[in-house]
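Read through the structure below, which is laid out as structure tokens, and then see the notes.
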Protein chains: 2
Amino acid sequence: MKNSTYLLFLFILLVHSQCQPPNPPEVKEKTASENVERPAYTIVIHGGAGSVSPGNTDAAREKMYTDTLNYALNIGEEILKNGGSALDAVEATIVFMENCSLFNSGKGAVFTHDGTNELDASVMNGKDQTAGAVGGVKTIKNPIKAARAVMEKSPHVLLTREGAEEFARDNGLETVDNSYFFTQNNYDYLQKILEKEKKKMQGSLDFTHPDWKYGTVGCAALDKNGNLAAGTSTGGMTNKRWSRIGDSPIIGAGTYADNATCAVSSTGHGEFFIRYAVAYDIAARMMYGEAAFQDAANEVINKKLVEKGGAGGIIGVDKYGNVAMPFNTAGMFRGYAKPDERVVKMFPDAHYGE
Amino acid sequence: MKNSTYLLFLFILLVHSQCQPPNPPEVKEKTASENVERPAYTIVIHGGAGSVSPGNTDAAREKMYTDTLNYALNIGEEILKNGGSALDAVEATIVFMENCSLFNSGKGAVFTHDGTNELDASVMNGKDQTAGAVGGVKTIKNPIKAARAVMEKSPHVLLTREGAEEFARDNGLETVDNSYFFTQNNYDYLQKILEKEKKKMQGSLDFTHPDWKYGTVGCAALDKNGNLAAGTSTGGMTNKRWSRIGDSPIIGAGTYADNATCAVSSTGHGEFFIRYAVAYDIAARMMYGEAAFQDAANEVINKKLVEKGGAGGIIGVDKYGNVAMPFNTAGMFRGYAKPDERVVKMFPDAHYGE
């Protein structure tokens, strides 16, 4: 075994062990179908959209990602099965993904231009359309928990940077030193980009992570009471500067939930998702244009955004439990679970014979 | 003359002198009517929504506000008359309003809980739907200029706090010490609120400025080439905490522009405007529900937001030059100008016999 292969193996083992949940996954695969009756629950997740494809992924890496996505689904499904709320399922699922360094959120957040980690997250409750978000936080272990605290314990929707951190501390959330978010591979990516910038060979936006280009995690859920919720969490873009905030903490762009329509979480080139209010646009097409959820989601991601040059995808669930997971990138880490149905994928649907 | 009346008179004189533009206003008043042909240009502005009413405003104060709104309209109208772009007109008009301490933006920004001034602004170009915004900046004299620089000179849409300030400095924008934003009356308001908070008599959200509760400035314009643009700038809420960001720098909530539909700027209880993506919602009703601009704007402000408890208003113009200025508060500083038409108001339309 070559030294580099050995190191990769060790890295995979390490990441894997960090992402192990208390219960092993029980995976049942079925093809998605349009719901005529609302299922008891539905949960859908993503772990970022980007360049992941069969051509650049080996079997070990594929297993690592699909196992972890299944673990994440298990977390939320367990809550929903036991009658828990969509909001609790979304939060717990995202907390698990934030604690796993495999995704660009929480522990796995990428590095800014200045070598720090600045995290964004948001959550929305479809029941009453309350929402909370944090932007540019450096010391909150689980930004999704902070977003929920902003929603439930402040009169505001969006708090940023030191102010958001003070609020999180005052509300008893776990804080960490910024060094908690250090991961060698993310740090190495930053160094590569900075080197390329020096040589002016390539702009930061063109640099591609081997698995995702637009790393984010997100979850949307429908609970037994018909309540929808959605949440999103990210470390943003490697090499981001000037306290840039993307779409993840922006309600209507990165996250949206309304019991009357759907719950959506976005991943992609955040600037496009903000300018076109992507998450809300899907709900608006349902409300005013009478579009079906999956059609609306496809239209926005695979037509409108493609025409505009905006790369990415969304995952979501409508009030009937219909799931949509469209993306216009090479791949997207995604999956969903219903009482007798589970799907986890990372490559295009065609790869799975669909 | 009583001492307090004398001081008020001096204050009005002082504010008035700060807000004097090079050209005196030429006011022509006409009733708004639906456009069948697109006018050569249209510009519409607001200076915040809130508690202003004939009952709490004397003639001197009314004249000061209406004169200043007319001055502001002159700035943008001059640009549009001479064939300038909607974007240039929006920026210049907002710069004038930012430099005038009469409104809660730029020089007149209110104070945060910590006694500082933190400003937000955004701008969107309807021609290509590019957008830029800054949040929580303390040293940029004209946040609307910084928003435009973010749009045109960065790959990002939203920059915040120190990062946004660094970006503005690097791009040659005028910076000032935070003390530039000190105004005695805004500082006194903060002290009153803090005192009341101590006594737990009243929450900060219930405190009402004598003229506006939701101070913001905004402008939307249509130029001779059929291009739309919109921008918004604010100091946020008096006594805001935790680096709170409202709807003003959020594209789709506080500002939206698309040549295919309309250009909109919001003012109001920002958290509601974010949760309901107010500015984009109006455009979405036009695109997917075939609503007329004024109907869509009225529906969102006077029905949806009223039902949800969200106070405020919007101003905007559609691609045909139709103007909408609905609000659900006691009053809103507002006005618009077209080649042969000008309206400036602060009280409900009924006050003017409409």
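We name chains A, B, ... by the order of the sequence lines, and we start the count at 1 in each one.
- Of the listed residues B:D247, B:I250, B:T130, B:D170, the one with more heavy-atom pairs under 4.5 angstrom with chain A than any other is B:T130.
- Looking at B:D258, neither its backbone nor its side chain comes within 4.5 Å of chain A, counting heavy atoms on both sides.
- A:T261 places none of its side-chain heavy atoms less than 4.5 Å from the side chain of A:F293.
- Options A:R241, A:M287, A:E166, A:R275 differ in how many heavy-atom pairs under 4.5 Å they form with chain B, and the most are formed by A:R275.
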List the steps, then state whether side chain to side chain contact (heavy atoms under 4.5 Å, CB included) holds for B:E271 with A:H156. CA-CA 6 Å; B:E271 279 70 12; A:H156 300 310; 2.8 Å; yes
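- In this structure, chain A has a heavy atom under 4.5 Å from the side chain of B:Y256, while its backbone stays farther away.
- Of the two parts of B:L158, the backbone and the side chain both hold a non-hydrogen atom closer than 4.5 Å to a non-hydrogen atom of chain A.
- A side-chain donor-acceptor contact under 3.5 Å links A:S265 and A:T232.
- Heavy-atom pairs under 4.5 Å with chain A peak, among B:S243, B:A291, B:A164, at B:S243.
- The candidate with the highest count of non-hydrogen atom pairs below 4.5 Å against chain B, out of A:A284, A:G252, A:A283, is A:A284.
- Between B:H269 and B:F272, the angle of the ring planes goes over 60°, which puts this pair in the perpendicular group of the 30/60° scheme.
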Working for side-chain hydrogen bond (donor to acceptor under 3.5 Å, both in side chains), residues A:D281 and A:Y276: CA-CA 7 Å; A:D281 193 29; A:Y276 298 105; over 6 Å; no
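- Each of B:R161, B:K240, B:R244 was evaluated against B:E118; a single residue qualifies, B:R161, per the side chain to side chain donor-acceptor pair (under 3.5 Å) test.
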